[in-house]
Enquirer: 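Submitted below is the structure of interest, expressed as structure tokens.
Computed over heavy atoms, backbone and side chain alike; hydrogens, waters and symmetry mates excluded.
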Amino acid sequence: NTRWQACARAANGEPFGLKTDWRFIVGLGRKGSLEVGFTFHRYGFPILPGSSVKGVARAWALLQIAEKVGTTELKELDGILSADGDKERKKYEDWKAKRLPEVQKLADDLRTIFGTTAVAGRAVFFDAIPACKPTLELDIMNPHFPDYYQGSQPPTDWQSPVPVYFLAVTPGTTFTFVLTKRRADVPGHLVELAQEWLTGALCHLGAGAKTNAGYGGFKPVE
């Protein structure tokens, strides 16, 4: 933690903490020695990779813009906001010209913060690490129709459940996050906006695996 925070501050980043609201799983689909995976740092503690931190923040930003323009076509909107090139940029400018100034600014900020298919984003997202030694719990998935999932039988009640065990971080574990500028000339308000989007994403969407089942949610540290 001391070295991580020193690196963050050397990059002009200010760490902030969020606490897991319930159990938190990361890297469940990774390959490993068990049936299910888990993302550990090489020093043996769970982390949320920077790419995942960036991805969930961008997803929340996209939802905010979609809500303001009144669309549910997130894939189409994502293509407009992320594509780059002469043809794609004209399509983006045509789309932006039909929007309110507030939406135009948010769209430009999203492209600047997260980048496009041609340009890297101006914000850098660090790996999130536990603020103190974390505790892991054993959790379980219990598919009731194993033969059905293997494609050999219909979902009948006489099939025997086959429990699948996996690891999860305990509720109430504080993780430390940090964002910083890729270059010194990046306006400070963009990093603040990126942090606002990230906090909203973690508190409302969650991160990691099984978020639809209530895992991976965060809340502010008191």
Enquirer: Write down the atom of Pro49, the atom of Thr39, and the distance for their closest heavy-atom approach.
Expert: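 What the structure gives for the nearest pair is CG-CG2, 4.1 Å.
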Enquirer: Please tell me if the side chains of Leu136 and Val169 come closer than 4.5 Å, counting only heavy atoms from C-beta onward.
Expert: yes
Enquirer: Transitively linked via ILVMFWY side-chain contacts under 4.5 Å: Ile47 with Phe125?
Expert: no
Enquirer: Quick one: do Leu62 and Leu190 end up in the same hydrophobic cluster if we chain Ile, Leu, Val, Met, Phe, Trp and Tyr together by side-chain heavy atoms under 4.5 Å apart?
Expert: yes
Enquirer: With the side chain counted from C-beta on, respond yes when Leu110 and Leu106 share a heavy-atom pair under 4.5 Å apart, and no when they do not.
Expert: no
Enquirer: Regarding Thr156 and Gln159, do their side chains bring together a donor and an acceptor under 3.5 Å, going by distance alone?
Expert: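 There is such a pair (donor and acceptor under 3.5 Å, judged by atom type) between the side chains of Thr156 and Gln159.
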Enquirer: With the 4.5 Å side-chain cut-off for hydrophobic clustering, are Ile113 and Leu77 part of the same group?
Expert: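 Both belong to a single hydrophobic cluster.
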Enquirer: How long is the span from the CG atom in Leu179 to the CG atom in Asn12, to the nearest 0.5 Å?
Expert: 13.0 Å
Enquirer: Between Lys96 and Glu93 (salt bridge meaning N to carboxylate O under 4.0 Å), is one present in this structure?
Expert: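 Result for this pair is yes, salt bridge flagged.
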Enquirer: Donor-acceptor pair, distance only, cut-off 3.5 Å: does the side chain of Thr180 make one with the backbone of Ala11?
Expert: yes
Enquirer: With side-chain hydrogen bond (donor to acceptor under 3.5 Å, both in side chains) as the test, would you mind laying out the steps for Asp108 and Tyr92 before giving the verdict?
Expert: CA-CA 10 Å; Asp108 285 341; Tyr92 170 67; 2.6 Å; yes
Enquirer: So which atom in Ala131 and which in Thr176 form the shortest heavy-atom distance, rounded to 0.1 Å?
Expert: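 Residues Ala131 and Thr176, closest heavy atoms: CB-OG1, 3.6 Å.
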Enquirer: Any heavy-atom pair between the side chains of Ile129 and Asn1 that's under 4.5 Å?
Expert: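 Yes, at least one pair of side-chain atoms sits under 4.5 Å.
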Enquirer: Drop me the distance from Gln64's CD to Glu196's CD, to the nearest 0.5 angstrom.
Expert: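 Separation between the atoms: 8.5 Å.
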Enquirer: So that I know where these two stand, are Phe218 and Phe24 an aromatic pair - ring centroids less than 6.0 Å apart?
Expert: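 Ring centroids of Phe218 and Phe24 are less than 6.0 Å from each other.
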Enquirer: Which pair of heavy atoms, one from Val56 and one from Gly206, lies closest together, and at what distance?
Expert: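 Where Val56 meets Gly206 most closely, the heavy atoms are CG2-O, 3.3 Å.
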Enquirer: Just say parallel, tilted or perpendicular for the rings of Phe40 and Phe38, cut-offs at 30° and 60°.
Expert: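 Tilted: the ring planes of Phe40 and Phe38 meet at 30° to 60°.
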Enquirer: In terms of hydrophobic clustering (I, L, V, M, F, W, Y; side-chain heavy atoms under 4.5 Å; direct or indirect links), are Val26 and Trp60 co-clustered?
Expert: yes
Enquirer: Yes or no on side chain to side chain contact (heavy atoms under 4.5 Å, CB included) for Trp4 and Val178, after CA distance, side-chain angles and deciding distance?
Expert: CA-CA 10 Å; Trp4 183 92; Val178 73; 3.8 Å; yes
Enquirer: Report yes if the side chains of Leu202 and Lys219 come closer than 4.5 Å at any heavy-atom pair, otherwise no.
Expert: no
Enquirer: Given side chains that start at C-beta, do those of Pro146 and Pro161 come closer than 4.5 Å, heavy atoms only?
Expert: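 Answer no - side chains too far apart.
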Enquirer: Kindly indicate whether a cation-pi arrangement holds for Arg122 with Phe114, taking the cut-offs as under 6.0 Å to the six-membered ring centre and within 45° of the axis.
Expert: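 Verdict for Phe114: no cation-pi partner in Arg122.
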Enquirer: Do you reckon Phe126 sits in the same ILVMFWY cluster as Tyr43, going by side-chain contacts under 4.5 Å, direct or chained?
Expert: yes
Enquirer: Can a donor-acceptor pair be found, under 3.5 Å and without considering hydrogens, that links the side chain of Gln104 to the backbone of Arg99?
Expert: yes
Enquirer: Which heavy-atom pair separates Leu74 from Ala66 by the least distance, and what is that distance?
Expert: CD2-CB, 3.5 Å
Enquirer: If you apply the rule side chain to side chain contact (heavy atoms under 4.5 Å, CB included), what do you find for Trp95 with Lys91, and how did you get there?
Expert: CA-CA 6 Å; Trp95 174 90; Lys91 183 178 180 181; 5.7 Å; no
Enquirer: Can you check whether Asp147's main-chain N or O pairs, donor with acceptor, with Ser152's side chain at less than 3.5 Å?
Expert: yes
Enquirer: Quick one: pull up CZ in Phe175 and CG in Leu18 and give me the separation to the nearest 0.5 Å.
Expert: 11.0 Å
Enquirer: Is there side-chain contact between Gln153 and Trp158, with at least one heavy-atom pair below 4.5 Å?
Expert: yes
Enquirer: What are the two closest heavy atoms between Pro46 and Pro130, and how far apart are they?
Expert: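 For Pro46 versus Pro130, the nearest heavy atoms are O-CD, 3.1 Å.
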Enquirer: Measure the spacing between OG of Ser160 and CZ of Phe145 and express it to the nearest 0.5 Å.
Expert: 12.0 Å
Enquirer: Could you check whether any side-chain heavy atom of Pro171 comes within less than 4.5 Å of a side-chain heavy atom of Glu137, counting everything from C-beta outward?
Expert: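 Answer yes - side chains close enough.
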Enquirer: With Val124 as reference, evaluate Lys181, Arg183, Arg182 under the side chain to side chain contact (heavy atoms under 4.5 Å, CB included) test and give the passing residue.
Expert: Arg182
Enquirer: Among Asp139, Thr170, Thr173, find the one that has a side chain to side chain donor-acceptor pair (under 3.5 Å) with Arg23.
Expert: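 By the side chain to side chain donor-acceptor pair (under 3.5 Å) criterion, Arg23 pairs with just one of Asp139, Thr170, Thr173: Asp139.
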Enquirer: In Å, rounded to the nearest 0.5 Å, how long is the span from CD1 of Ile25 to CG of Leu48?
Expert: 12.5 Å
Enquirer: Atom CZ of Phe177 and atom CZ of Phe16: how far apart are they, to the nearest 0.5 Å?
Expert: 6.5 Å
Enquirer: Would Lys98 and Asp94 pass as an ion pair if we require N to O under 4.0 Å?
Expert: no
Enquirer: If you take all heavy atoms of Asp127 and Gly50, which pair is closest and at what distance?
Expert: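 Where Asp127 meets Gly50 most closely, the heavy atoms are OD1-N, 2.6 Å.
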Enquirer: Step by step, work out the side chain to side chain contact (heavy atoms under 4.5 Å, CB included) result for Asn142 and Val164.
Expert: CA-CA 6 Å; Asn142 201 18; Val164 178; over 6 Å; no
Enquirer: Answer yes or no: is there a side-chain heavy-atom contact under 4.5 Å between Lys210 and Phe166?
Expert: yes
Enquirer: Could you tell me whether a side-chain N or O of Thr211 sits under 3.5 Å from a main-chain N or O of Ala207, the two making a donor and an acceptor?
Expert: no
Enquirer: Would Val119 and Arg111 count as a side chain to side chain contact (heavy atoms under 4.5 Å, CB included) if you check the C-alpha gap in whole Å, the side-chain angles of each, and the deciding distance to 0.1 Å?
Expert: CA-CA 9 Å; Val119 181; Arg111 286 169 68 92; over 6 Å; no
